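These notes are about the structure you will find just below.
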Amino acid sequence: VVTYNTVIHGLCKEGLAQESLELFRVMKDKQVIPTVFTYNTLIWGLSLNGYDDNARSLFEEMESVGIEPDVVTYTTLVKIMCKLGNLVEAYRFLEATIERGLKPDIVTYNTLMNGLCEMGKATKAMQLLSKMHELGDHFKPDAVSYTTVIGGLCKDGSLDRALLLYVEMISYSIKPDIHIYSSLIHCLSSAGRWEEAMSLLSEMKEKGVMADCVMYTAVIDALCKDGKIQTAGILLDKMLKDGPQPNAITFNTIIDGFVLLNNIQEAEDLLKVMKANGVSPDAVSYNNLFKGYCKCGNTQRALEMLNNMTDEGIKPTIITYGIVLRGLCKENKLELAKSMFDDLKNRGLHPNVVAFNILLDGLCKAKSLEEALELFYKAGEYSVELDIISFNTIIDGCFRSGNLQMASKMFDEISSKGLSPN
RNA sequence: CUUCUGUGGAUCAUCCGG
């Protein structure tokens, strides 16, 4: 059973969720009895690959075959609920853990705090963090806890509160590790606070923590976003020469840096350098190039390369289509955009709210409000959950056509969808 | 503590104003 568990885990990690389910059937056929490890691994792995419903039904299945879920099971479910944005269910699973006589642990709480941060509730996460200190030794926050909350605060723009937490962490004698340093340094440098970023970097070196690829990439990203592409290039050269070796994300970051400066040629050249150094481009590499083509009105080229990338075995993602859809809309090729959006399902992708909003905005700006409204009301058919941006977009569209009445109607609909105007 | 499961750091698309 350990052998099967190990392989199931590996398959899931490689994106082969269907195969792992198949193997699960095989092991049962061969009278190998799954354990709680097997179920935990599958629940985790299925969700990792987007099969959240299957994950949930496996949880029910394990109950019905008499395998007791453990704290790992519940933590995984908390994570899944957080990923789906369902905080209520996440808390319900936390309570269910206790009701079952199990003890949530530090991982459970870290998972929950991470979920809170991803939902933009870093302050709530911070409160939970300080509560953990009061709950006793079993829940003593660790480096993961602090990295999670510090990162969440940074994303919310509360950099200074993040720095205070860093100090607090040190005062609890928790050793900062490379994760915390990367997070803070990325945050500081992205905010233009280079002096502090660099002094933290020296502190890190003094403590004998070596900069890794992620650390370098974080700094490179801040440089690129600030237009300092030449410095980014110097760092890349140093990496290629002395290590740590850059990975696809490092290259993608710089490719995007060139695109931000409308330097498409250099972006394309860097893709070649990437390949020459044995780093395989991925969907993000192409997305970045496509963004560049679309920015200079050459969506056509992106459309052509869409096929190339598939030939290279790289699957376009929903973001790829978002970029191309936006390009088409900007070039007023709305019929093409509409048919591409409709075709997403056939291409094995679920339209999401961002892609939907892109098309909606395109219709609002280019054509009559009518077509936009038609799409808007079809959100349900596409299983797209409207968000506040959808409403902002359509309201703006209403005003563009001078339809104040519809604008007001849409404004009122915001709250009936459980959203609030921002 | 012979092997298997859960948590944290870096890159890409959408709304208004400027």
Side-chain angles (χ1 to χ4, degrees), chain A residues 1-10 12 35-45 70-79 105-115 117 142-152 154 177-187 212-222 224-225 247-257 259 282-291 294 317-327 329 352-362 364 387-397 399 422:
Chain A
V1 65
V2 174
T3 315
Y4 280 105
N5 292 347
T6 307
V7 176
I8 287 173
H9 185 241
C12 289
T35 63
V36 64
F37 279 65
T38 317
Y39 278 96
N40 289 349
T41 305
L42 271 168
I43 291 171
W44 166 84
D70 62 10
V71 64
V72 174
T73 320
Y74 280 104
T75 301
T76 309
L77 290 163
V78 168
K79 169 107 180 149
D105 61 13
I106 179 88
V107 177
T108 315
Y109 278 93
N110 288 348
T111 302
L112 189 57
M113 289 192 297
N114 187 49
C117 289
D142 60 8
V144 175
S145 322
Y146 276 95
T147 309
T148 303
V149 181
I150 285 173
C154 285
D177 62 12
I178 186 72
H179 292 95
I180 309 246
Y181 283 121
S182 312
S183 176
L184 278 174
I185 289 171
H186 184 234
C187 201
D212 64 3
C213 173
V214 174
M215 176 82 244
Y216 271 92
T217 306
V219 172
I220 286 174
D221 178 56
C224 287
K225 296 284 190 293
N247 62 14
I249 299 184
T250 315
F251 281 103
N252 291 343
T253 304
I254 307 177
I255 289 174
D256 190 53
V259 167
D282 61 14
V284 176
S285 320
Y286 283 95
N287 292 348
N288 289 340
L289 284 184
F290 293 174
K291 193 170 69 165
C294 294
T317 67
I318 188 64
I319 296 186
T320 313
Y321 284 99
I323 292 166
V324 175
L325 278 172
R326 186 164 154 75
C329 288
N352 67 5
V353 65
V354 177
F356 180 91
N357 289 343
I358 290 169
L359 183 58
L360 186 70
D361 186 53
C364 283
D387 63 10
I388 188 61
I389 296 186
S390 319
F391 280 97
N392 290 345
T393 304
I394 196 76
I395 289 171
D396 183 58
F399 281 116
N422 64 10

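Since we're looking at a predicted model, the values are computed, not measured. First the proteins, then the strands, lettered A, B, ... as listed; each starts at 1.
Look at A/Lys291 and you won't find any side-chain N or O under 4.0 angstrom from OP1 or OP2 of B/U11. A/Arg326 has no side-chain polar atom (N or O) that falls below the 4.0 Å cut-off from OP1 or OP2 of B/C12.
For A/Val2, taking side-chain heavy atoms from C-beta onward, the closest of the listed nucleotides B/C4, B/A13, B/U5 is B/C4. The side chain of A/Ile319 approaches B/A13 more closely than any other nucleotide in the set B/U5, B/U11, B/A13. Distance from the side chain of A/Ile180 is smallest for B/G8 among the nucleotides B/U11, B/C16, B/G8. Counting only heavy atoms from C-beta on, A/Lys225 has its side chain closest to B/C12 among B/C4, B/C12, B/G6. Distance from the side chain of A/Asn252 is smallest for B/U11 among the nucleotides B/U11, B/C4, B/U7. Of the candidates B/G6, B/A10, B/G9, the closest approach to any side-chain atom of A/Val71 belongs to B/G6. Comparing B/U5, B/G9, B/C15 by their nearest atom to the side chain of A/Asn392 picks out B/C15.
In this model, a side-chain donor or acceptor of A/Asp105 finds a partner on the base of B/G6 within 3.5 Å. No hydrogens or angles were tested; on distance alone, a donor-acceptor pair under 3.5 Å links the side chain of A/Asp177 to the base of B/G8. If you check distances only, the side chain of A/Asp361 never reaches the base of B/A13 with a donor-acceptor pair under 3.5 Å. A/Asn5 contributes a side-chain N or O that forms a donor-acceptor pair with the base of B/C4 under 3.5 Å. A donor and an acceptor atom sit less than 3.5 Å apart, one in the side chain of A/Thr147 and one in the base of B/G8.
Using a 4.0 Å heavy-atom criterion, one finds that A/Ile323 contacts the sugar-phosphate atoms exclusively. Note on A/Asn352: a base of the nucleic acid sits closer than 4.0 angstrom, heavy atoms only. No contact: A/Ile8 has no heavy atom under 4.0 Å from any strand. At a threshold of 4.0 angstrom between heavy atoms, the contacts of A/Thr393 are confined to the sugar-phosphate backbone, with no base atom among them. Residue A/Ala143 is in base contact, counting any heavy-atom pair closer than 4.0 Å across all strands shown. Residue-level contact check: A/Thr108 touches the bases, meaning some heavy atom is under 4.0 Å from a base atom. Note on A/Ser182: a base of the nucleic acid sits closer than 4.0 angstrom, heavy atoms only. Base engagement by A/Ile178 is indicated by at least one non-hydrogen atom pair under 4.0 Å involving a base atom. A/Asp142 comes within contact range of no nucleotide atom at all, as no heavy-atom separation falls under 4.0 Å. Residue A/Thr75 is classed as a base contact, given a heavy-atom separation below 4.0 Å to a base. Among the heavy atoms of the strands, none lies under 4.0 Å from A/Asn422. Residue-level contact check: A/Thr253 touches the backbone only, with heavy atoms under 4.0 Å from sugar-phosphate atoms and none from bases.
Rounded to an integer number of Å, the gap from A/Leu359 CG to B/U14 P is 14 Å. Protein atom CG of A/Leu42 is 10 Å distant from nucleotide atom C1' of B/U5, rounded to whole Å. A/Ile220 places its CD1 atom 14 Å from the P atom of B/C12, with the value rounded to the nearest Å. As rounded to whole Å, 16 Å separates atom P of B/U14 from atom CZ of A/Phe290. Note: CG (A/Asn287) to P (B/U14) measures 12 Å, nearest angstrom. A straight line from NE2 of A/His186 to C1' of B/U11 spans 9 Å, rounded to a whole angstrom. For A/His9 and B/U5, the NE2 to P distance is 6 Å, given to the nearest whole Å. Distance, A/Leu289 CG to B/C12 P: 14 Å, rounded to whole Å.
Pairing each heavy atom of A/Met113 with each of A/Thr148, the nearest pair is C-CG2, 3.9 Å. Residue A/Thr250 comes nearest to A/Cys213 through the heavy atom pair OG1-SG, 3.5 Å, listed as atom of the first residue, atom of the second, then distance.
Of the N and O atoms on the side chains of A/Ser390 and A/Asp387, at least one donor lies less than 3.5 Å from an acceptor on the other residue. Between A/Asn252 and A/Asn287, the side chains place no donor N or O within less than 3.5 Å of an acceptor N or O (distance only, hydrogens not considered). Using a 3.5 Å distance cut-off with no hydrogens or angles, the side chains of A/Asp282 and A/Ser285 do pair a donor with an acceptor. A donor-acceptor contact closer than 3.5 angstrom links the side chains of A/Asp105 and A/Thr108.
Between B/C1 and B/U5, the two P atoms lie 13 Å apart (nearest whole Å).
Taking the side chain as every heavy atom from C-beta outward, A/Phe290 and A/Thr320 approach each other to under 4.5 Å.
Of the possible donor and acceptor atoms, none in the side chain of A/Ser183 sits under 3.5 Å from a partner among the backbone N and O of A/His179.
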